[in-house]
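Here the structure is laid out as structure tokens; the discussion comes afterwards.
Counting starts at 1 for both ligands and their atoms, in listed order.
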Amino acid sequence: MAGQPLPDIARIDAHDKVRGATRYAADQPLANPLYAMLVPARIAKGTVVSVDASFAERVPGVVRVLTAADFPGVPARQAREGPPPPPPTIVPDVGYRGQPIALVLAETLEAAIEGAEAVDARYRRQSFIPMMDSPGALREPGEEKRAGDGASALKLARHRVDQHYVSPTQHHNPIELLAASAQVQDGRLVVHECTQHSAGVRDVIARSLQLDPARIEVRSPSVGGGFGQKGTPYGHSAIVAQAAMLTGRPVKLVIPRGQIFHLASFRPESHHHVQLGANESGRLTAAVYHAEHEQSPRGLFPPSDYHEAPSRLYDIGDYLGTAANVRIDRQSPGYMRCPHPHPSCFAFESAVDELAAQLGRDPAEFRIANDGRIDPLTGQPYSSRFLEECIVEGARRFGWSGRSAAPRSMTLADGTQVGWGMAVGAYPSMMVPAVATLRVGADGRTRFTGSGHEMGQGIRTSIANVLIQGLGIEPEGLEIVLGDTGAAPQHITAGSWGSAGAVPVAAKAVARMQSALQQLLSGRTVDGNIHRRLASVKRPFIEIEVTEVAPGQTSEALQSLRRGAYAVAGPEYPGFTTMSYIAHFVELHVEPRTRRIRMPRAVAIADCGRVISPRTARSQIQGGVVWAFSAALREATEVDPRYGGYLNCDLADYVVAVNADIGEIDVGFIDEPDPRANSMGIKGLGEVVMSGASAAIANAVFHATGKRLRSMPIRIEDLLA
Ligand code: MOS
């Protein structure tokens with residue numbers, strides 16, 4: 001089934017989801033549980049001198065209050081080569097406002113909440129740095145990304161753009177809140193947590209509490225929205241585990257949204273200085289680009305990755321990318337959908353639009369004219385690249401040729417300003433090793449166990465499509481076990497490598513199963529589907545195990561996977577670089593009196609290699625375009641510089657796009673397999689969708705209004721007067 005398009009099947013989990021039967025982390029039934037609530041620090045930096053739990057302990061139903069004294073101290077610093085230190089559990093040193101300082105355990109959720117509000121603490125306060133432009137924020141250079149000599153080439157350029165762009169602090173707001181439960185069962189610690197990284201949670205609990213990871217199981221079968229927030233193991237997992245071990249009862253914690261804003265990872269504010277150069281004939285020849293972002297004192301989210309996509313959008317042989325962390329006193333920022341390319345392609349693709357306008361060129365045609373075949377950073381070819389095809393198809397579907405080029409030249413009868421904008425994006429296509437088992441039974445059942453986490457993106461449906469088509473089975477008898485450290489070695493599901501990590505191994509399992517069946521039948525012709533054939537020859541089941549690695553990886557990668565270590569490959573593989581691509585075209589309407597911006601239609605065409613699950617792939621793109629609209633025009637977290645926390649930490653005040661903001665989103669795929677990337681020709685999809693999408697929107701704002709706005713979110717006040 002290497003090359004054929006796969007049919008559009010329904011989501012394998014749709015029926016359970018709409019009936020409310022899907023069990024998320026907080027839905028797992030527990031016998032006689034304790035309900036937990038964290039107590040957040042009320043200072044931004046300093047030390048907890050003492051915790052007064054006496055009032056909390058008098059609240060009816062409160063059973064116990066845990067403080068730093070109930071936890072092992074911070075583990076000694078790890079060896080240089082080893083993993084970074086685990087996130088702190090409950091410790092006296094406070095590094096950010098909202099860090100947990102105590103945990104209240106109670107017979108009811110209401111008592112836990114009341115108890116947590118009654119906990120008092122005395123602190124020794126220290127001065128702190130809340131924002132990247134606050135005095136004292138330390139700028140620490142990151143790695144450079146270079147091709148040729150960007151600075152010299154820029155000096156020689158005939159045409160230049162030199163601009164600054166800003167992407168704000170933004171927070172993930174999946175509907176499912178962070179939640180974990182822990183219980184001791186038969187000498188094992190069993191944790192249910194909504195995470196994209198069950199093995200990471202297991203290992204962090206083990207290291208924080210000095211336990212043997214082999215005695216811990218973490219299960220995360222269904223996550224209610226992730227996109228990076230649930231990829232980072234947090235300290236609360238070990239806190240809940242310790243509470244279950246100390247009390248001998250199951251413990252359940254659901255973290256309220258306001259606390260999540262303060263302790264989960266988020267998209268950091270980032271500043272982008274982009275300088276582009278072009279020669280007389282309008283070829284892009286030079287880029288000098290500095291990106292920096294807000295960063296916690298020991299945070300690891302790397303600033304140099306802002307260059308991973310912009311450097312590969314065009315044939316720019318001379319590219320100098322510099323980057324910096326700006327160290328401040330808030331919690332660690334991290335990966336949020338399209339983590340680096342969303343802000344960096346907003347900046348870069350706005351600058352490219354400015355340059356095209358300066359040169360009097362059509363922005364779509366200008367981009368096609370500057371397309372490239374070689375990765376400037378490595379000198380390697382791209383394994384596949386259909387960016388030009390994305391632009392051409394997007395322009396055709398959108399009707400781009402009907403655009404009137406001049407800003408403010410398209411208005412409706414009521415004075416509504418119409419803007420047509422476009423931009424492109426790219427995202428590294430990565431892959432992880434995988435181990436999977438497939439068991440097909442004579443009883444009509446099929447069970448697949450593998451690495452990966454379902455967070456609504458559709459990984460189960462992708463695996464299912466390959467199994468259903470390849471084995472000729474019905475979805476009803478099919479069970480797909482994911483995100484369970486007790487069932488298969490698990491890798492973090494992030495960076496859009498979910499499908500590439502789970503689907504090729506599923507295809508291999510299908511092939512291995514078919515040959516095992518042929519061997520069993522040894523030439524006999526037996527009628528019926530695979531289950532019937534097993535029944536006819538009186539074989540109860542066949543079970544096989546298969547493994548898969550990425551191009552260039554060896555069995556060492558499988559060992560890393562089994563240990564729970566990071567083993568991601570790409571986008572630079574031996575001999576080639578693999579990126580996913582997208583082209584966005586949007587129409588915006590700016591209301592003449594209120595200046596409210598809405599998007600009646602958008603077209604997005606993606607090159608993500610072969611499409612495995614058409615339905616969930618389309619849905620991924622629609623969701624990403626919605627999020628990009630929201631990120632470009634609505635979302636910003638307001639930091640309180642006085643206290644170091646966040647002011648709009650709920651869904652009423654953290655403004656996101658609503659249905660009425662967005663009309664039709666037309667989605668298309670090039671659907672050309674990339675045979676070098678993996679056996680199924682898959683490239684990543686989830687993240688690339690947001691790459692360049694915000695720039696298309698900002699470019700459309702310029703086209704509608706004549707205002708070039710370089711700071712997200714672009715809001716009504718930016719368009720007044
Ligand atoms: Mo993604 S932001 O790496 O879950």
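Here the side chain of Glu269 pairs no donor or acceptor atom with the backbone of Thr169 at under 3.5 angstrom.
With no hydrogens or angles considered, a side-chain donor-acceptor pair links Thr637 and His171 at under 3.5 Å.
Between Glu176 and Lys230 there is a salt bridge, since a side-chain N of the basic residue sits under 4.0 Å from a carboxylate O of the acidic one.
For Arg385, the salt bridge (charged side-chain N to carboxylate O under 4.0 Å, His left out) partners two or more places apart in sequence, or in a different chain, are Asp371. Under the salt bridge (charged side-chain N to carboxylate O under 4.0 Å, His left out) criterion, Asp329 pairs with Lys45, not counting sequence neighbours.
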As a test of reading the model: which N/O atoms of the protein lie under 3.5 Å from N/O atoms of ligand 1, and at what distance?
residue: ligand 1; atom: 3 (O); partner: Gly495; partner atom: N; Å: 2.7
residue: ligand 1; atom: 3 (O); partner: Glu687; partner atom: OE2; Å: 3.1
residue: ligand 1; atom: 4 (O); partner: Gln196; partner atom: NE2; Å: 2.9
residue: ligand 1; atom: 4 (O); partner: Gly228; partner atom: N; Å: 2.9

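Residue pairs satisfying the salt bridge (charged side-chain N to carboxylate O under 4.0 Å, His left out) criterion with at least one member in residues 252-263, sequence neighbours excluded, are absent.
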